[in-house]
There are 2 protein chains.
Amino acid sequence: MMDVADLVERARRGHPRAVARLISLVEDASPELREVMAALAPHTGRARVIGLTGSPGVGKSTTTAMLVRALRGQGRRVGVLAVDPSSPFTGGALLGDRVRMQDHATDDGVFIRSMASRGHLGGLAWATPQALRVLDAAGCEVILVETVGVGQAEVDIAGLADTTLVLVAPGMGDSIQAAKAGILEIADVFVVNKADREGAQSTVRDLRNMVALATRDWKPAIVPTVAARNEGADDLVQALDKHQAWLEESGELQRRRLARVRDEIEAIALTSLRVDLRDDGRLDTLADRVLAGSLDPYTAADELLA
Amino acid sequence: MMDVADLVERARRGHPRAVARLISLVEDASPELREVMAALAPHTGRARVIGLTGSPGVGKSTTTAMLVRALRGQGRRVGVLAVDPSSPFTGGALLGDRVRMQDHATDDGVFIRSMASRGHLGGLAWATPQALRVLDAAGCEVILVETVGVGQAEVDIAGLADTTLVLVAPGMGDSIQAAKAGILEIADVFVVNKADREGAQSTVRDLRNMVALATRDWKPAIVPTVAARNEGADDLVQALDKHQAWLEESGELQRRRLARVRDEIEAIALTSLRVDLRDDGRLDTLADRVLAGSLDPYTAADELLA
């Protein structure tokens, strides 16, 4: 029998194994989560959530590692959540990430965790906010959420984060051009990593031109970095702090967090409904009839919900 | 006032503009869809659905175009649905696809359509099966569904298709290695495209070794192609037909299609529930309380569903 109250209390005091255990409960969609979340609720709401995203190869994990060093240097407690959307084509990269993050493994001011939710009904839309809640209650002042790529509905990093960093690298300009609209909507800070490479200046220029056309209230900052050599860390932390200040002054922080909690409640409610629907024996009978062409899928859905 | 019955009848007789109009209704989540799907239901269930997926740059649209030519050469009516998961990073590629497919634009035995569903609540999990239903009722004997990348929960190509083609290209061996498990689960046929390039043989060998280890009943075929020069088309069509024959003999076809219809009914039901939840004024009040730490998200979800 698991002592949830004790586990939660130890996680709250920052014991790494208790924190890891609670995130595993989230990953496994454990029935104990209900009790865990009830116990954590009064201790949440303090962490700042920063999302990092970008195409494979731009240096997301190196940049994450650089940010962890910079934030630890300021004495802030940091959480890192590497979110794996369970893509067969990206699974390998994350394994690499895990290894590269090992230099912080012995620093007890840093929690590092990668998380997958392959197969779980609610997916990462369900799991990620709850994992953030665990790290938040464990006293992380900043949580970095690293995702592979952007734009997937289930792992909408912009919906989860207070501040979204979009990483690009020189020589990947085509995708920047192609993606103008999409990127501009979600990026709060652009990081041009590998800025010592040829083409870095023109990448920065392209981004400046894009940002100049944006109609959002916040004009995304553009920060060149060479994360592998720790160059640009201070500028990046400054850009993040500036965005944080704007979030607070403009009321946008409250708006984003409210939207995040709405999504979280909705994901839990929908997952619970979905489990009920899947377990409903009528679904098979209805599917048989639709497959035979004697029923349309809308009427079938109505009958399922009736 | 739209005459749905007339539109459906014209689509059934294969009028391209009527087919296009019906797919637009799906894309827009139009309220008329209920009536449309009811009218289409008796005319569906004949089309064979073939999914094509693979990393950017492997030649998905060239391969799709090659397959369209080969299938048209056999006199089969073909539908092509290019599914855009609305990723800011992939939006651009599809534009290119559309252009490249134009050589079939005047052939009335081919319907070509790209589809996005950015912003719609149910997303592509909701829209894609309904678009397939339209093409099926319009008499397409084969429907090719092309997606960017694999593994995204919302666009689970393997869940939609009778046969899933996974495209790889020489020199992208790292991702194959990294992704072994995931790819093997979903690939029914591997296409090694750009097989005239250096490294093609070792890519084929790597895949053979992977396939040899697989425990599935169906051992995926491996077909080298140079789609840009139309090389390998006959072998590919043969591999597809062989898989189709296996699907029918083994009973797997029925199993896959039943699972697909279950998912379709569920997606429609969940989307309808989701709309109700979003419109529920209590969600804001509950989110306020969770944000303040006075309520946990599970209890909030319970209250929302109560």
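The chains referred to below are lettered A, B, ... by the order of the sequence lines, with proteins before strands, and numbering in each begins at 1.
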- Looking at L277(B), D302(B), L283(B), which makes the most heavy-atom pairs under 4.5 Å with chain A? L283(B)
- Residue pair A269(B) / A301(A): nearest heavy atoms and the distance that separates them: N-CB, 3.8 Å
- Message: Minimum heavy-atom separation for L305(B) and S272(A), please, with both atom names.
- Response: CD1-OG, 3.7 Å
- Note on the structure: Tested for side chain to side chain contact (heavy atoms under 4.5 Å, CB included) against L304(B), the lone hit among I268(A), L270(A), I265(A) is I265(A)
- What part of E303(A) lies closer than 4.5 angstrom to a heavy atom of chain B: side chain, backbone, both or neither? neither
- Note on the structure: Scanning both residues in full, the closest heavy-atom pair of L291(A) with R257(B) reads CD1-CB, 3.8 Å
- Out of curiosity, E266(B) CD to L286(A) CG, how far, rounded to the nearest 0.5 Å? 12.5 Å
- Most contacts with chain B, counted as non-hydrogen pairs under 4.5 angstrom, among L295(A), T44(A), L273(A): L273(A)
- Note on the structure: Okay, R133(B) and chain A: the region with an atom under 4.5 Å from a heavy atom over there is side chain
- Return the minimal non-hydrogen interatomic distance between Y298(B) and M37(A), and the atom names on each side. CE1-CG, 3.6 Å
- Under the criterion salt bridge (Lys or Arg N to Asp or Glu O under 4.0 Å), which of D280(B), D288(B), D284(B) is the partner of R262(A)? D284(B)
- Query: What residue in P297(B), A41(B), G45(B) has the most heavy-atom pairs under 4.5 Å with chain A?
  - Reply: P297(B)
- Message: Among L40(B), L33(B), D263(B), which residue has the highest count of heavy-atom pairs closer than 4.5 Å to chain A?
- Response: L33(B)
